[in-house]
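Starting from 1, each residue takes its place in the sequence as its number.
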Amino acid sequence: DEQGQILYYEGTAQDITERKHAEERLREHEKVVESLEEMIVVMDRDLHYLLANRSFLEYRRLRREDVIGRLATDFIDKQVYQNIIKGNLERSFAGETVKYEMKYTYPYEGERDLFISYHPIESAEGIDRIACVLTDITARKQSERRLAYQAQLLESVHDSIVAVDKHIKLTAWNRAAEQMYGWTAAQVLGLNLREVVQSDLTDEQHAAVFREAAETGICRRESGHHRKDNSPLNIDGTVMPLRDGNGQIAGYVCAYHDITERKQAEEALRVFSRRLIEAQEAERQNISRELHDQIGQVLTAIRINLETIK
């Protein structure tokens, strides 16, 4: 009032609930980004780092204060940046989500295979930032190369090589198996082995083969199989278990060697041997008869001579 006494107070109130919620969501997002194994950075149009998560920093053995505000090109090989990265960043700043794979040599980690994705971030002024996600796929690539090499080996061998899971459903069927049995891989994968490779083993004998392989590490059997057209095969089969990282059986690999010609040769040899023995026996009997007749004639002559002398 006129005497300077406070008569009342005026104030304003603003609802900041939404802002607080947004801040809380942002903190949650930051926690998630920080906990991810993928390397994540955010950079502006001038390529200054605005954010770098724990994985990115640990991979390069840097501190956050060493990175934030610095140019990305300070940390990237200049030739790699010019030849690969620059063009992809430009595409992303133009609004495109870019994904690609590349090899990169780090100071401490050495050469690594990376899967990289760039995600444009738009503000009121347009796209002014990019979130970069880098995933180390070296182990996956090495596994893929090993699998490709193993697949090449499987296709190059002359024996039928098939793989089954622990439920005996086919998971691999090489070219030699296609030629031997007449079924293509596309026709049989996912089917039970017994449906495709029909053998003269009973169900119990068939199950016993896989039990023995699981218990001893290998099981070998000779048995009769049939092709798709039902023509017979003689097979020398070997079954070995496949184990996962925990040592548990994940499936089996089966190698089938066609011994039909060998069995036919063995049978022909047995027939020939039997016939040879029969011929030898017949010859012995003939010789025995001839000797018997000759001896009989000699004895008769001697007896006649003795009677004459008397």
Chemist: Locate the shortest heavy-atom distance separating Asp44 from Phe93; write the atom from each residue and the value.
Modeler: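 The answer is O-CZ, 3.4 Å.
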Chemist: Could you walk me through whether Asp74 and Arg70 satisfy the salt bridge (charged side-chain N to carboxylate O under 4.0 Å, His left out) test, starting with their C-alpha distance in whole Å, then the side-chain angles of each, then the deciding distance to 0.1 Å, before giving a yes or no?
Modeler: CA-CA 7 Å; Asp74 292 342; Arg70 295 276 301 277; 3.3 Å; yes
Chemist: Any heavy-atom pair between the side chains of Val239 and Val253 that's under 4.5 Å?
Modeler: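 The answer is no; the side chains never approach within 4.5 Å.
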Chemist: For the hydrophobic clusters of this structure (ILVMFWY residues joined by side-chain heavy atoms under 4.5 Å, transitively), does one cluster hold both Tyr49 and Val42?
Modeler: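 No, Tyr49 does not connect to Val42 through the hydrophobic network.
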Chemist: Should Asp113 and Lys103 be marked as a salt bridge (charged side-chain N to carboxylate O under 4.0 Å, His left out) after you check the CA-CA gap, both sets of side-chain angles, and the distance that decides it?
Modeler: CA-CA 5 Å; Asp113 288 289; Lys103 288 182 178 293; 2.9 Å; yes
Chemist: Taking the side chain as everything from C-beta on, heavy atoms only, tell me whether Val133 gets closer than 4.5 Å to His119.
Modeler: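 In short, these two side chains touch, coming nearer than 4.5 Å.
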Chemist: Less than 3.5 Å apart, any donor N or O on the side chain of Ser123 or Glu125 sitting next to an acceptor on the other?
Modeler: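 Side chains of Ser123 and Glu125: pair found under 3.5 Å.
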Chemist: Side-chain contact, heavy-atom cut-off 4.5 Å: Ile85 with Tyr118?
Modeler: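 SC-SC contact between Ile85 and Tyr118 confirmed.
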Chemist: Would you please indicate yes or no on a ring centroid separation below 6.0 angstrom for Tyr59 and Tyr108?
Modeler: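 Ring centroids of Tyr108 and Tyr59 are no less than 6.0 Å from each other.
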Chemist: Please check if Val196 and Phe210 belong to a single hydrophobic cluster, counting links between Ile, Leu, Val, Met, Phe, Trp and Tyr side chain heavy atoms closer than 4.5 Å.
Modeler: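 Val196 and Phe210: one cluster.
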Chemist: Is there a path of hydrophobic side-chain contacts, each under 4.5 Å between heavy atoms of I/L/V/M/F/W/Y residues, joining Val80 to Leu134?
Modeler: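 Same cluster: Leu134 reaches Val80 through Ile, Leu, Val, Met, Phe, Trp or Tyr contacts under 4.5 Å.
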Chemist: Is a side-chain donor or acceptor of Asn246 paired with a backbone partner of Gln248 at a separation under 3.5 angstrom?
Modeler: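 Not at all, since once roles are kept as given, no pair shorter than 3.5 Å links the two residues.
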Chemist: Within a strict 4.5 Å, meaning less than it, do heavy atoms of the Thr238 and Ile218 side chains meet?
Modeler: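 Sidechains of Ile218 and Thr238: in contact.
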Chemist: Do Leu114 and Ile137 come within less than 4.5 Å of each other through their side chains, counting heavy atoms only?
Modeler: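 They are not in contact (no side-chain heavy atoms under 4.5 Å apart), so the answer is no.
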Chemist: Test salt bridge (charged side-chain N to carboxylate O under 4.0 Å, His left out) on Glu204 and Arg211 and set out the steps.
Modeler: CA-CA 10 Å; Glu204 177 54 34; Arg211 281 199 303 271; 2.7 Å; yes
Chemist: Quick check: closest heavy atoms across His48 and Gly69, and the distance to 0.1 Å?
Modeler: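 In terms of heavy atoms, the two residues are closest at CD2-O, 3.1 Å.
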Chemist: Applying side-chain hydrogen bond (donor to acceptor under 3.5 Å, both in side chains), name anything that partners Lys86, two or more places apart in sequence or on another chain.
Modeler: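 Partners of Lys86 under the side-chain hydrogen bond (donor to acceptor under 3.5 Å, both in side chains) test: none.
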Chemist: Is the closest side-chain heavy-atom distance between Arg60 and Phe75 below 4.5 Å?
Modeler: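 With C-beta onward as the side chain, the pair touches.
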Chemist: Are Leu233 and His226 close enough, and set up right, to give a side-chain contact (heavy atoms from CB on, under 4.5 Å), and what steps lead you there?
Modeler: CA-CA 6 Å; Leu233 288 167; His226 288 84; over 6 Å; no
Chemist: Any side-chain donor paired with an acceptor under 3.5 Å for Tyr181 and Tyr256?
Modeler: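 Tyr256 and Tyr181 do not have a side-chain donor-acceptor pair below 3.5 Å.
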Chemist: Yes or no on side-chain contact (heavy atoms from CB on, under 4.5 Å) for Leu193 and Lys169, after CA distance, side-chain angles and deciding distance?
Modeler: CA-CA 6 Å; Leu193 178 65; Lys169 291 187 180 296; over 6 Å; no
Chemist: side-chain contact (heavy atoms from CB on, under 4.5 Å) between Arg63 and Leu57: does it pass, once the steps are laid out?
Modeler: CA-CA 6 Å; Arg63 298 173 300 173; Leu57 297 172; over 6 Å; no
Chemist: Do Glu58 and Ser55 meet the criterion of a side-chain donor-acceptor pair at a distance under 3.5 Å?
Modeler: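 Note: Glu58 and Ser55 side chains miss the donor-acceptor criterion.
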Chemist: Is it the case that atom CD in Gln79 sees more than 12 heavy atoms from other parts of the structure closer than 6.0 Å?
Modeler: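 Atom CD in Gln79 is not packed in, count stays at 12 or less.
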Chemist: For the residue pair Tyr106 and Tyr104, does the interplanar ring angle fall in the parallel (under 30°), tilted (30 to 60°) or perpendicular (over 60°) class?
Modeler: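 Perpendicular.
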Chemist: If every non-hydrogen atom of Ser160 is compared with every non-hydrogen atom of Ala176, which pair is closest and at what distance?
Modeler: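 Taking Ser160 first and Ala176 second, the nearest heavy atoms are OG-O, 3.4 Å.
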Chemist: Do Arg112 and Thr105 have a side chain donor and acceptor closer than 3.5 Å?
Modeler: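 Checked: Arg112/Thr105 side chains show no N/O donor-acceptor pair below 3.5 Å.
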Chemist: Can you find a heavy atom in the side chain of Asp258 that is under 4.5 Å from one in the side chain of Met180?
Modeler: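 The answer is yes; the side chains approach within 4.5 Å.
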Chemist: Give the minimum heavy-atom separation between Asp159 and Asn174, together with the two atoms involved.
Modeler: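 The pair with the smallest heavy-atom distance is O-ND2, 3.2 Å.
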Chemist: Would Glu101 and Arg140 count as a salt bridge (charged side-chain N to carboxylate O under 4.0 Å, His left out) if you check the C-alpha gap in whole Å, the side-chain angles of each, and the deciding distance to 0.1 Å?
Modeler: CA-CA 12 Å; Glu101 294 181 7; Arg140 191 192 81 190; 3.2 Å; yes
Chemist: Just wondering, are more than 12 heavy atoms of other shown residues or ligands nearer than 6.0 Å to CZ in Arg227?
Modeler: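 Enclosed: over 12 neighbouring heavy atoms sit under 6.0 Å from CZ of Arg227.
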Chemist: Please answer: with hydrophobic residues joined when any side-chain heavy atoms are less than 4.5 Å apart, are Leu191 and Val162 in the same cluster?
Modeler: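 Yes, one cluster joins them.
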Chemist: Quick one: closest heavy-atom pair of Ala94 and Ile127, and the distance?
Modeler: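 Ala94 and Ile127 have their closest heavy atoms at C-CD1, 4.3 Å.
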Chemist: Under a 4.5 Å cut-off applied to non-hydrogen side-chain atoms, are Leu47 and Leu89 in contact?
Modeler: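 Yes. Closest side-chain heavy atoms under 4.5 Å.
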Chemist: Please find the pair of heavy atoms, one from Thr171 and one from Leu189, that lie closest to each other, and give the distance.
Modeler: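 So the two residues come closest at C-CD2, 3.6 Å.
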Chemist: Same cluster for Ile121 and Ile130 if Ile/Leu/Val/Met/Phe/Trp/Tyr side chains link at under 4.5 Å?
Modeler: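 As far as the 4.5 Å side-chain criterion goes, Ile130 and Ile121 are not connected within one cluster.
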